[in-house]
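In this text, all values refer to a predicted model and were calculated from it rather than measured experimentally.
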Amino acid sequence: MKYFEPHVHMISRTTDDYERMAAAGIIGVVEPAFWQGQPRTSAGTFIDYFDALIGWERFRASQFGIRHYCTIGLNPKEANNIAMAEEVIKILPRYLAKDGVVAVGEVGYDDISNAEERFFAEQLQLAKAFELPVLVHTPHRDKVKGTERTLALIKEIGLNPEMVVVDHLNEITIDLVIDTGCWKGHSVYPETKMSEARMIELLKRYGTDKMIVNSAADWGVSDPLKVPKVGQAMLAAGYDTTEVEKVLFENPINFFAQSGRIAIADVTRPLIDQTQLHEDNSALRGQSPIIEAEAEQTS
(Lines give C-alpha, C1' and ligand atoms only; values in the text may rest on other atoms or scores of the structure.)
Protein backbone atom coordinates (compact mmCIF):
# COMPACT_ATOMS: atom_id res chain seq x y z
CA MET A 1 0.00 0.00 0.00
CA LYS A 2 1.10 3.56 -0.67
CA TYR A 3 -0.19 6.57 1.22
CA PHE A 4 -0.15 10.35 0.98
CA GLU A 5 -0.31 12.40 4.20
CA PRO A 6 -2.07 15.69 3.29
CA HIS A 7 -1.79 17.56 6.61
CA VAL A 8 1.17 17.02 8.92
CA HIS A 9 3.45 19.54 10.65
CA MET A 10 6.79 17.83 10.13
CA ILE A 11 8.87 20.80 11.27
CA SER A 12 7.85 19.75 14.80
CA ARG A 13 8.56 16.04 14.24
CA THR A 14 11.80 14.07 14.32
CA THR A 15 13.67 12.22 11.61
CA ASP A 16 12.53 9.02 13.35
CA ASP A 17 8.99 10.00 12.36
CA TYR A 18 10.04 10.36 8.72
CA GLU A 19 11.63 6.90 8.85
CA ARG A 20 8.53 5.32 10.43
CA MET A 21 6.21 7.05 7.99
CA ALA A 22 8.24 5.84 5.00
CA ALA A 23 8.29 2.30 6.39
CA ALA A 24 4.49 2.44 6.74
CA GLY A 25 4.09 3.32 3.05
CA ILE A 26 3.81 7.12 3.15
CA ILE A 27 5.62 8.48 0.10
CA GLY A 28 4.41 12.09 0.11
CA VAL A 29 3.26 14.74 2.56
CA VAL A 30 1.78 18.23 2.58
CA GLU A 31 2.89 20.42 5.45
CA PRO A 32 0.59 23.38 6.13
CA ALA A 33 1.93 26.57 7.66
CA PHE A 34 0.88 26.55 11.30
CA TRP A 35 1.02 28.14 14.73
CA GLN A 36 4.20 27.01 16.47
CA GLY A 37 2.86 26.72 20.01
CA GLN A 38 3.70 30.21 21.21
CA PRO A 39 3.01 33.57 19.56
CA ARG A 40 5.51 34.85 17.04
CA THR A 41 6.64 38.38 17.81
CA SER A 42 7.54 39.75 14.38
CA ALA A 43 6.86 39.20 10.70
CA GLY A 44 10.51 38.23 10.23
CA THR A 45 9.94 35.00 12.12
CA PHE A 46 7.34 34.06 9.51
CA ILE A 47 9.91 34.58 6.76
CA ASP A 48 12.31 32.16 8.47
CA TYR A 49 9.48 29.68 9.02
CA PHE A 50 8.20 29.82 5.43
CA ASP A 51 11.78 29.46 4.15
CA ALA A 52 12.15 26.31 6.28
CA LEU A 53 8.96 24.83 4.82
CA ILE A 54 10.04 25.29 1.22
CA GLY A 55 13.72 24.54 1.88
CA TRP A 56 15.01 22.51 4.79
CA GLU A 57 11.88 20.39 5.34
CA ARG A 58 11.62 19.47 1.67
CA PHE A 59 15.25 18.41 1.78
CA ARG A 60 14.93 16.55 5.11
CA ALA A 61 11.92 14.58 3.88
CA SER A 62 13.76 13.54 0.71
CA GLN A 63 16.62 12.19 2.81
CA PHE A 64 14.24 9.59 4.22
CA GLY A 65 12.33 8.69 1.07
CA ILE A 66 9.35 11.10 1.23
CA ARG A 67 8.27 13.85 -1.16
CA HIS A 68 7.38 17.07 0.66
CA TYR A 69 4.98 19.81 -0.40
CA CYS A 70 3.57 22.64 1.69
CA THR A 71 0.84 25.22 2.01
CA ILE A 72 1.55 28.82 2.98
CA GLY A 73 -0.71 31.09 5.00
CA LEU A 74 -1.36 33.02 8.19
CA ASN A 75 -2.88 30.72 10.80
CA PRO A 76 -6.07 32.11 12.39
CA LYS A 77 -4.62 31.87 15.89
CA GLU A 78 -2.09 34.55 14.93
CA ALA A 79 -4.47 36.75 12.95
CA ASN A 80 -5.55 38.61 16.10
CA ASN A 81 -2.21 40.42 16.29
CA ILE A 82 -3.42 42.84 13.64
CA ALA A 83 -0.24 44.86 13.13
CA MET A 84 1.86 41.74 12.63
CA ALA A 85 -0.82 40.03 10.52
CA GLU A 86 -0.86 43.01 8.14
CA GLU A 87 2.88 42.59 7.62
CA VAL A 88 2.57 38.83 7.06
CA ILE A 89 -0.14 39.29 4.43
CA LYS A 90 2.30 41.48 2.47
CA ILE A 91 4.87 38.66 2.57
CA LEU A 92 2.59 35.86 1.38
CA PRO A 93 2.58 36.55 -2.39
CA ARG A 94 6.30 35.90 -2.75
CA TYR A 95 5.83 32.43 -1.25
CA LEU A 96 2.55 31.55 -2.97
CA ALA A 97 4.39 31.84 -6.29
CA LYS A 98 6.97 29.18 -5.40
CA ASP A 99 7.16 25.58 -6.63
CA GLY A 100 6.13 23.05 -4.04
CA VAL A 101 3.54 25.38 -2.52
CA VAL A 102 0.30 23.60 -3.40
CA ALA A 103 -2.32 25.67 -1.54
CA VAL A 104 -3.04 28.63 0.70
CA GLY A 105 -3.37 27.48 4.29
CA GLU A 106 -4.08 26.62 6.79
CA VAL A 107 -6.50 29.53 7.17
CA GLY A 108 -9.85 29.98 8.86
CA TYR A 109 -11.15 30.65 12.35
CA ASP A 110 -9.94 30.08 15.91
CA ASP A 111 -11.85 32.44 18.24
CA ILE A 112 -14.06 33.50 15.29
CA SER A 113 -13.08 37.14 15.78
CA ASN A 114 -13.47 40.04 13.36
CA ALA A 115 -9.71 40.13 12.84
CA GLU A 116 -9.66 36.44 11.95
CA GLU A 117 -12.45 36.94 9.43
CA ARG A 118 -10.64 39.91 7.87
CA PHE A 119 -7.42 37.98 7.26
CA PHE A 120 -9.26 34.82 6.28
CA ALA A 121 -11.07 36.81 3.59
CA GLU A 122 -7.85 38.45 2.40
CA GLN A 123 -6.19 35.07 2.04
CA LEU A 124 -9.15 33.66 0.12
CA GLN A 125 -8.70 36.58 -2.27
CA LEU A 126 -5.01 35.70 -2.60
CA ALA A 127 -5.97 32.12 -3.41
CA LYS A 128 -8.20 33.40 -6.20
CA ALA A 129 -5.46 35.63 -7.53
CA PHE A 130 -2.87 32.83 -7.54
CA GLU A 131 -5.39 30.16 -8.66
CA LEU A 132 -4.47 27.99 -5.69
CA PRO A 133 -6.58 25.62 -3.59
CA VAL A 134 -7.31 26.52 0.03
CA LEU A 135 -6.87 24.41 3.16
CA VAL A 136 -9.35 25.64 5.79
CA HIS A 137 -8.93 25.07 9.53
CA THR A 138 -12.25 24.80 11.37
CA PRO A 139 -12.08 25.91 15.02
CA HIS A 140 -11.85 23.62 18.03
CA ARG A 141 -14.51 25.69 19.83
CA ASP A 142 -17.89 26.66 18.35
CA LYS A 143 -17.10 24.29 15.48
CA VAL A 144 -20.58 24.45 13.94
CA LYS A 145 -20.62 28.26 13.99
CA GLY A 146 -17.09 28.39 12.59
CA THR A 147 -17.92 25.95 9.80
CA GLU A 148 -21.10 27.84 8.90
CA ARG A 149 -19.22 31.16 8.73
CA THR A 150 -16.46 29.52 6.70
CA LEU A 151 -18.91 28.33 4.07
CA ALA A 152 -20.68 31.70 4.00
CA LEU A 153 -17.37 33.55 3.51
CA ILE A 154 -16.28 31.23 0.70
CA LYS A 155 -19.56 32.01 -1.08
CA GLU A 156 -19.23 35.75 -0.40
CA ILE A 157 -15.71 35.86 -1.84
CA GLY A 158 -16.88 33.90 -4.88
CA LEU A 159 -14.30 31.16 -4.50
CA ASN A 160 -14.97 27.94 -6.39
CA PRO A 161 -15.83 25.40 -3.65
CA GLU A 162 -14.02 22.71 -5.64
CA MET A 163 -10.83 24.57 -4.68
CA VAL A 164 -11.49 24.30 -0.93
CA VAL A 165 -10.96 21.51 1.58
CA VAL A 166 -12.75 22.15 4.87
CA ASP A 167 -10.63 20.31 7.43
CA HIS A 168 -11.09 18.90 10.95
CA LEU A 169 -14.67 17.84 10.19
CA ASN A 170 -16.58 15.42 12.39
CA GLU A 171 -20.00 13.80 12.64
CA ILE A 172 -21.55 17.12 13.66
CA THR A 173 -20.11 19.34 10.92
CA ILE A 174 -19.80 17.10 7.87
CA ASP A 175 -23.47 17.53 6.93
CA LEU A 176 -22.87 21.29 6.65
CA VAL A 177 -20.27 20.67 3.95
CA ILE A 178 -21.58 17.60 2.15
CA ASP A 179 -23.57 19.37 -0.59
CA THR A 180 -21.41 22.48 -0.99
CA GLY A 181 -18.90 21.14 -3.52
CA CYS A 182 -16.02 21.55 -1.04
CA TRP A 183 -13.69 18.67 -0.25
CA LYS A 184 -14.10 17.11 3.19
CA GLY A 185 -11.05 16.79 5.46
CA HIS A 186 -10.82 14.72 8.64
CA SER A 187 -8.02 14.67 11.23
CA VAL A 188 -7.49 11.37 13.06
CA TYR A 189 -5.96 11.71 16.53
CA PRO A 190 -4.99 9.27 19.29
CA GLU A 191 -7.81 10.42 21.59
CA THR A 192 -9.49 13.61 20.33
CA LYS A 193 -10.95 14.69 16.95
CA MET A 194 -11.60 11.57 14.81
CA SER A 195 -10.61 7.94 15.43
CA GLU A 196 -10.05 5.18 12.90
CA ALA A 197 -13.38 3.56 13.78
CA ARG A 198 -15.31 6.83 13.51
CA MET A 199 -13.63 7.57 10.18
CA ILE A 200 -14.75 4.21 8.82
CA GLU A 201 -18.33 4.98 9.83
CA LEU A 202 -18.19 8.31 7.97
CA LEU A 203 -16.86 6.59 4.86
CA LYS A 204 -19.64 4.01 5.03
CA ARG A 205 -22.25 6.74 5.39
CA TYR A 206 -20.96 9.35 2.94
CA GLY A 207 -18.86 7.34 0.49
CA THR A 208 -15.31 8.00 -0.66
CA ASP A 209 -15.69 10.90 -3.10
CA LYS A 210 -13.85 14.07 -2.02
CA MET A 211 -13.08 12.48 1.36
CA ILE A 212 -9.60 13.29 2.70
CA VAL A 213 -7.95 11.84 5.80
CA ASN A 214 -4.94 13.24 7.66
CA SER A 215 -3.13 13.04 10.99
CA ALA A 216 -2.63 16.81 11.52
CA ALA A 217 0.33 15.65 13.61
CA ASP A 218 2.25 18.47 15.27
CA TRP A 219 4.12 19.24 18.50
CA GLY A 220 1.19 18.00 20.62
CA VAL A 221 -0.19 14.53 21.36
CA SER A 222 -0.63 13.21 17.83
CA ASP A 223 0.40 10.33 15.58
CA PRO A 224 1.94 10.79 12.10
CA LEU A 225 1.04 7.18 11.25
CA LYS A 226 -2.72 7.71 11.44
CA VAL A 227 -3.21 7.68 7.65
CA PRO A 228 -1.80 4.15 7.20
CA LYS A 229 -3.66 3.09 10.36
CA VAL A 230 -6.91 4.25 8.75
CA GLY A 231 -5.85 2.26 5.68
CA GLN A 232 -5.52 -0.89 7.75
CA ALA A 233 -8.88 -0.18 9.38
CA MET A 234 -10.47 0.23 5.94
CA LEU A 235 -9.09 -3.13 4.82
CA ALA A 236 -10.36 -4.77 8.01
CA ALA A 237 -13.79 -3.22 7.34
CA GLY A 238 -13.97 -4.83 3.89
CA TYR A 239 -12.70 -2.07 1.60
CA ASP A 240 -10.36 -3.26 -1.14
CA THR A 241 -6.94 -1.81 -1.88
CA THR A 242 -8.29 0.28 -4.77
CA GLU A 243 -10.75 2.04 -2.44
CA VAL A 244 -8.07 2.54 0.20
CA GLU A 245 -5.68 4.14 -2.27
CA LYS A 246 -8.47 6.33 -3.63
CA VAL A 247 -9.16 7.84 -0.19
CA LEU A 248 -5.64 7.86 1.23
CA PHE A 249 -3.53 8.55 -1.85
CA GLU A 250 -5.46 9.74 -4.89
CA ASN A 251 -8.06 12.03 -3.28
CA PRO A 252 -5.64 14.37 -1.50
CA ILE A 253 -3.26 14.55 -4.44
CA ASN A 254 -6.11 15.28 -6.83
CA PHE A 255 -7.29 18.08 -4.57
CA PHE A 256 -3.86 19.73 -4.40
CA ALA A 257 -3.26 19.01 -8.11
CA GLN A 258 -5.57 21.95 -8.81
CA SER A 259 -2.50 24.07 -8.01
CA GLY A 260 -0.75 22.74 -11.11
CA ARG A 261 2.27 21.94 -8.90
CA ILE A 262 1.62 18.29 -8.02
CA ALA A 263 0.15 15.28 -9.82
CA ILE A 264 -0.34 11.61 -9.00
CA ALA A 265 2.38 10.67 -11.50
CA ASP A 266 4.84 12.95 -9.64
CA VAL A 267 4.37 11.34 -6.24
CA THR A 268 6.80 8.45 -6.26
CA ARG A 269 9.27 7.59 -3.54
CA PRO A 270 12.48 9.57 -4.14
CA LEU A 271 15.83 7.85 -4.20
CA ILE A 272 17.66 8.41 -0.92
CA ASP A 273 21.10 9.99 -1.11
CA GLN A 274 22.19 11.09 2.34
CA THR A 275 25.47 12.51 1.07
CA GLN A 276 23.47 15.50 -0.17
CA LEU A 277 23.54 18.77 1.74
CA HIS A 278 21.12 21.66 2.12
CA GLU A 279 22.96 24.97 2.48
CA ASP A 280 26.01 22.97 3.68
CA ASN A 281 23.93 21.09 6.28
CA SER A 282 23.26 17.36 6.50
CA ALA A 283 20.30 15.58 8.08
CA LEU A 284 22.78 13.12 9.61
CA ARG A 285 24.81 13.42 12.80
CA GLY A 286 27.83 11.29 12.03
CA GLN A 287 25.90 8.25 10.79
CA SER A 288 27.00 6.45 7.66
CA PRO A 289 24.94 7.87 4.78
CA ILE A 290 22.47 5.72 2.87
CA ILE A 291 22.81 5.95 -0.91
CA GLU A 292 20.18 4.10 -2.93
CA ALA A 293 20.53 2.91 -6.49
CA GLU A 294 17.49 2.70 -8.77
CA ALA A 295 17.30 -1.09 -8.36
CA GLU A 296 17.18 -0.79 -4.56
CA GLN A 297 14.27 1.68 -4.69
CA THR A 298 12.12 -0.56 -6.88
CA SER A 299 13.02 -3.89 -5.26
### Short N-O contact, Glu116 and Lys77, less than 4.0 angstrom
no
Salt-bridge contact Lys90-Glu87 (side-chain N to carboxylate O under 4.0 Å):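 Answer for the salt bridge query: yes.
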Going by atom types only, do [X] and [Y] share a side-chain donor-acceptor pair under 3.5 Å?
X: His168; Y: Thr138; value: no
X: Thr45; Y: Asp48; value: no
X: Lys246; Y: Thr208; value: yes

Sequence neighbours excluded - side chain to side chain donor-acceptor pair (under 3.5 Å) pairs with any residue from residues 150-160: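 The answer is none; no pair qualifies.
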ask   = Is there a side-chain contact (heavy atoms from CB on, under 4.5 Å) between Asn214 and Val8 once you walk through the steps?
value = CA-CA 7 Å; Asn214 62 71; Val8 61; over 6 Å; no
Heavy-atom pair of closest approach, residues [X] and [Y]:
X: Glu162; Y: Gln258; value: O-NE2, 2.9 Å
X: Arg67; Y: Asp266; value: NE-O, 3.3 Å
X: Leu132; Y: Leu96; value: CD1-O, 3.7 Å
X: Ala115; Y: Ala79; value: CB-O, 3.7 Å
X: Val244; Y: Gly231; value: CG1-CA, 3.9 Å
X: Leu176; Y: Glu148; value: CD1-CG, 3.9 Å

Are the side chains of [X] and [Y] in touch, meaning some heavy atoms are under 4.5 Å apart?
X: Gln287; Y: Arg285; value: yes
X: Arg20; Y: Pro224; value: yes
X: Lys229; Y: Val188; value: no
X: Met194; Y: Val230; value: no
X: Ile72; Y: Leu92; value: yes
X: Arg94; Y: Ile91; value: yes
X: Leu284; Y: Gln63; value: no
X: Leu202; Y: Lys184; value: no

Give, for atom [atom1] of [X] and atom [atom2] of [Y], the distance between the pair rounded to the nearest 0.5 Å.
X: Ile26; Y: Ser215; atom1: CD1; atom2: OG; value: 7.0 Å
X: Glu78; Y: Gln38; atom1: CD; atom2: CD; value: 10.0 Å
X: Asp51; Y: Phe46; atom1: CG; atom2: CZ; value: 13.5 Å
X: Tyr206; Y: Met211; atom1: OH; atom2: CE; value: 8.0 Å
X: Leu248; Y: Glu5; atom1: CG; atom2: CD; value: 9.5 Å
X: Glu57; Y: Ser62; atom1: CD; atom2: OG; value: 10.5 Å

Taking [Y]'s backbone N and O only, do any of them form a donor-acceptor pair with [X]'s side chain (distance below 3.5 Å, no angle check)?
X: Arg60; Y: Met10; value: yes
X: Asp17; Y: Thr14; value: yes
X: His9; Y: Pro32; value: yes
X: Gln123; Y: Leu74; value: yes
X: Glu31; Y: Ile11; value: yes
X: Glu292; Y: Ile272; value: yes
X: Ser222; Y: Asp218; value: yes
X: Lys210; Y: Cys182; value: no
X: Lys128; Y: Ile157; value: yes
X: Arg261; Y: Lys98; value: yes

Single-linkage hydrophobic cluster, 4.5 Å side-chain cutoff, [X] and [Y] together:
X: Met1; Y: Val29; result: yes
X: Trp219; Y: Val221; result: no
X: Phe64; Y: Leu271; result: no
X: Tyr18; Y: Ile291; result: no
X: Leu153; Y: Val144; result: yes

Determine whether Asn75 and Glu106 satisfy the following criterion, side-chain contact (heavy atoms from CB on, under 4.5 Å), listing intermediate values before the conclusion. CA-CA 6 Å; Asn75 188 273; Glu106 55 185 299; 3.6 Å; yes
| said: Is there a side-chain contact (heavy atoms from CB on, under 4.5 Å) between Glu201 and Glu171? Walk through the geometry before answering. | reply: CA-CA 9 Å; Glu201 291 305 309; Glu171 297 89 342; over 6 Å; no
*By side-chain contact (heavy atoms from CB on, under 4.5 Å), which residues pair with Thr242, not counting sequence neighbours?*
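Result, side-chain contact (heavy atoms from CB on, under 4.5 Å) vs Thr242: Asp240.
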For this session: Apply the test side-chain contact (heavy atoms from CB on, under 4.5 Å) to residues Arg40 and Asn81: give CA-CA distance (whole Å), side-chain angles for both, the deciding distance (0.1 Å), then the verdict.
Result: CA-CA 10 Å; Arg40 295 177 177 90; Asn81 182 337; over 6 Å; no
Under a side-chain separation threshold of 4.5 Å, the hydrophobic residues clustered together with Trp56 are Phe59
Other cluster members, Val102 - Ile/Leu/Val/Met/Phe/Trp/Tyr, side-chain contacts below 4.5 Å:
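Members besides Val102, by chain and number: Phe4, Ile27, Val30, Tyr69, Leu135, Val165, Trp183, Ile212, Phe249, Ile253, Phe255, Phe256, Ile262, Ile264, Val267.
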Item checked: Test of ring centre spacing under 6.0 Å for His7 and His137 ->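 Ring centroids of His7 and His137 are no less than 6.0 Å from each other.
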Applied to residues 72-127, the ring pair (Phe, Tyr, Trp, His ring centres under 6.0 Å) test, sequence neighbours excluded, yields Phe50-Tyr95, Tyr109-Phe120
Residues passing the side-chain hydrogen bond (donor to acceptor under 3.5 Å, both in side chains) test with Tyr49, sequence neighbours excluded, are none
